[in-house]
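These notes concern the structure reproduced below.
Just so it is clear, the model here is predicted, and its values are computed rather than measured. Lettering of chains follows the sequences in order, A, B, ..., and the numbering in each one begins at 1.
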Protein chains: 2
Amino acid sequence: MAPATKNRGVSPRLVERLSLYRRVLQQAGAAGARATYSHELAAACRVSAVQVRRDLMTLGHSGSTTSGYEIQPLLSVIDAYLGDTGSVPVALVGIGHLGRAVLAFLCWRHPRFVPVAFDRDPRLTERVLDGVWCFPIDRMADAIREQHIRVGVVCVPAPEAQRVSEQLVTAGVTGILNFAPVTLFLPNHVFVETIDISVALEKVAFFTR
Amino acid sequence: MAPATKNRGVSPRLVERLSLYRRVLQQAGAAGARATYSHELAAACRVSAVQVRRDLMTLGHSGSTTSGYEIQPLLSVIDAYLGDTGSVPVALVGIGHLGRAVLAFLCWRHPRFVPVAFDRDPRLTERVLDGVWCFPIDRMADAIREQHIRVGVVCVPAPEAQRVSEQLVTAGVTGILNFAPVTLFLPNHVFVETIDISVALEKVAFFTR
DNA sequence: CTAACAGCGTTACTCGGTTCACAGCTGCCC
DNA sequence: GGGCAGCTGTGAACCGAGTAACGCTGTTAG
């Protein structure tokens with residue numbers, strides 16, 4: 001009755017942790033480290049050490065008992081598992097403050113994801129933002145089809161989110177990161193991850209006392 | 001080893017769902033509905049119907065067999081449970097695009113949360129944004145203490161997040177919503193919720209295939 | 001040399017959350 | 001009026017994620 005996740009047999013939590021591990025390992029590697037212990041990686045991610053070992057076990061990766069895990073090979077394994085198939089084009093809809101925040105973040109900090117931006121407002125489009133050309137939204141479907149874009153990011157106001165995401169899906173997108181505080185109703189084969197700032201704040205407010 | 005949650009005996013998932021229920025119920029009520037069935041509420045939140053009933057059971061609320069749950073009383077119960085103690089002041093640090101997005105969202109869509117904004121850059125402060133006065137960051141500790149602010153939102157770049165959140169905590173904040181892609185190390189009594197856009201995107205990219 | 005130690009890999013278990021299944025109730029239709 | 005249909009409430013079963021516990025291996029100190 002809640003089949004929002006066609007998990008492909010993989011736990012989303014595991015993917016989240018692997019993504020965290022990867023980031024920490026990249027930073028550690030850039031800082032000159034060559035190997036890490038499970039408890040170090042665990043502490044850096046607020047996770048238990050056995051959790052790290054178990055996760056790496058499911059990846060089929062083994063470390064050495066003497067110096068822990070070598071960073072570079074481990075990174076390769078994680079990349080392979082997460083499917084690091086080169087750059088990933090992303091359709092970003094909505095260039096308000098939130099959209100621009102995501103845009104800047106992707107361009108400067110996450111070169112793997114290559115965004116293409118769209119907005120309804122003609123005052124925001126037909127120009128370059130953070131090195132990305134912004135299209136009017138009626139060009140969206142064509143652009144998605146031409147570039148075989150599979151991932152969409154929805155940064156539009158709540159009332160437009162459903163319609164925009166439907167357009168994304170009909171154009172070929174199969175995974176959506178949604179920032180609008182609404183639940184999207186889309187075909188089951190589409191993976192939807194909603195980041196609901198409102199709910200998150202309520203949660204913090206609740207546990208803050 | 002990962003005691004980041006001092007759950008207070010309550011599951012964070014439950015709080016998230018209650019927050020969703022509340023929003024849906026408010027919208028339904030504004031649309032003129034007077035009562036709703038568990039399966040309707042469930043569908044609107046992408047949850048199973050028994051989950052809804054069970055959640056409401058833990059709240060001690062009962063619906064009627066004939067017409068489901070009356071919206072107004074149910075809203076009251078949820079409000080009471082989530083601790084709707086009037087307005088909640090929020091310290092928002094970092095007025096870049098992300099910060100302004102959160103700011104606008106709070107001011108226009110979520111009047112319960114009353115933000116006060118801070119930034120390091122003097123070009124952004126000493127003025128009004130979205131009806132909120134923006135202070136330079138060296139006024140932050142005083143303002144938090146004076147207004148007894150307990151909730152903080154961190155929208156600063158990753159390298160500054162740790163330092164900023166430490167300042168928030170020493171000034172009296174006990175709950176933080178963190179948007180920076182880093183893991184914060186703070187005293188155990190502080191509740192931290194991290195929204196990691198980078199990880200979320202990786203997850204979508206992974207399950208999109 | 002060997003004994004203590006530290007870290008990894010793995011299995012068994014625990015625990016919390018979700019779902020199943022069913023009982024009870026109420027209105028409706030024939 | 002009696003059965004039927006549909007909803008709620010809830011004890012019990014189920015499931016999966018995380019954890020504890022333990023054996024193994026290599027390292028170090030005495």
Side-chain angles (χ1 to χ4, degrees), chain A residues 1-21 25 28 33-71 73-74 77-78 81 203 206-207, chain B residues 1-21 25 28 33-71 73-74 77-78 81 199 203 207:
Chain A
M1 191 46 86
T5 49
K6 57 154 190 176
N7 286 351
R8 245 177 63 207
V10 182
S11 153
R13 296 278 182 96
L14 173 61
V15 176
E16 288 178 16
R17 287 194 300 265
L18 289 178
S19 180
L20 273 182
Y21 299 162
L25 289 170
R34 211 185 56 80
T36 322
Y37 295 110
S38 64
H39 63 264
E40 290 174 335
L41 189 48
C45 300
R46 284 261 169 198
V47 168
S48 74
V50 324
Q51 177 101 280
V52 170
R53 294 205 296 273
R54 175 178 270 290
D55 287 343
L56 301 191
M57 190 182 77
T58 73
L59 294 204
H61 183 79
S62 289
S64 96
T65 182
T66 158
S67 55
Y69 301 91
E70 285 183 73
I71 289 180
L74 180 50
V77 171
I78 295 179
Y81 188 86
K203 201 181 356 173
F206 178 85
F207 287 107
Chain B
M1 193 41 87
T5 50
K6 57 152 188 176
N7 288 350
R8 245 177 62 210
V10 182
S11 151
R13 297 273 182 98
L14 174 62
V15 175
E16 288 178 15
R17 286 194 300 265
L18 288 179
S19 180
L20 273 182
Y21 299 163
L25 290 169
R34 209 184 59 79
T36 202
Y37 294 109
S38 65
H39 64 265
E40 291 174 335
L41 189 49
C45 301
R46 286 263 169 198
V47 169
S48 74
V50 319
Q51 179 97 68
V52 170
R53 293 204 297 273
R54 199 162 266 289
D55 288 342
L56 301 192
M57 190 181 80
T58 72
L59 294 204
H61 183 78
S62 288
S64 97
T65 275
T66 159
S67 56
Y69 302 91
E70 283 184 75
I71 289 179
L74 180 50
V77 171
I78 295 178
Y81 188 86
V199 169
K203 198 177 5 168
F207 286 108

Here the distance between atom P of C:dG7 and atom CG of A:Leu74, to the nearest Å, is 17 Å
What about A:Arg54: does its side chain form a donor-acceptor pair under 3.5 Å with the base of D:dT19? yes
Mapping A:Thr66 and A:Asp55 onto DNA chain D by nearest heavy atom, which one lands closer to the 5' end? A:Asp55
Nearest-angstrom distance from the residue atom CZ of B:Arg13 to C1' of C:dT19: 15 Å
Heavy-atom closest pair (B:Thr66 atom, B:Tyr37 atom, distance to 0.1 Å) is O-OH, 3.2 Å
Shortest non-hydrogen contact between B:Leu74 and B:Tyr69, atoms and distance: CD2-CB, 3.9 Å
Considering only side-chain heavy atoms of B:Tyr37, which listed nucleotide, D:dC7, C:dG9, C:dG7, is closest? D:dC7
OP1 or OP2 of D:dG6 sitting under 4.0 Å from any side-chain N/O of B:Thr65? no
Measure CD/B:Glu70 against P/D:dC7 and give the value in whole Å, please. 17 Å
If I take atom OH from residue B:Tyr21 and atom CG from residue B:Leu14, how far apart are they, to the nearest 0.5 angstrom? 8.0 Å
Decide whether B:Thr36 and B:Glu40 meet the rule of one side-chain donor and one side-chain acceptor closer than 3.5 Å. yes
Could you tell me whether A:Ser67 contacts a base, only the sugar-phosphate backbone, or nothing, with contacts defined as non-hydrogen atoms closer than 4.0 Å? nothing
Under-4.0 Å side-chain N/O to phosphate OP1/OP2 contact, A:Arg53 with C:dC8: yes
A:Gly68 or B:Arg17: which one's nearest nucleotide on DNA chain C is closer to the 5' end? A:Gly68
Does B:Gln51 place a side-chain N or O at less than 4.0 Å from the phosphate oxygens OP1/OP2 of C:dT19? yes
Between A:Tyr69 (OH) and C:dA6 (C1'), how many Å, whole number? 13 Å
If I take atom CG in residue A:Leu59 and atom P in nucleotide C:dC8, what distance separates them, rounded to the nearest angstrom? 15 Å
Assign each of B:Ser38 and A:Leu14 to its nearest nucleotide of DNA chain D by heavy atoms, then name whichever residue's nucleotide is nearer the 5' end. B:Ser38
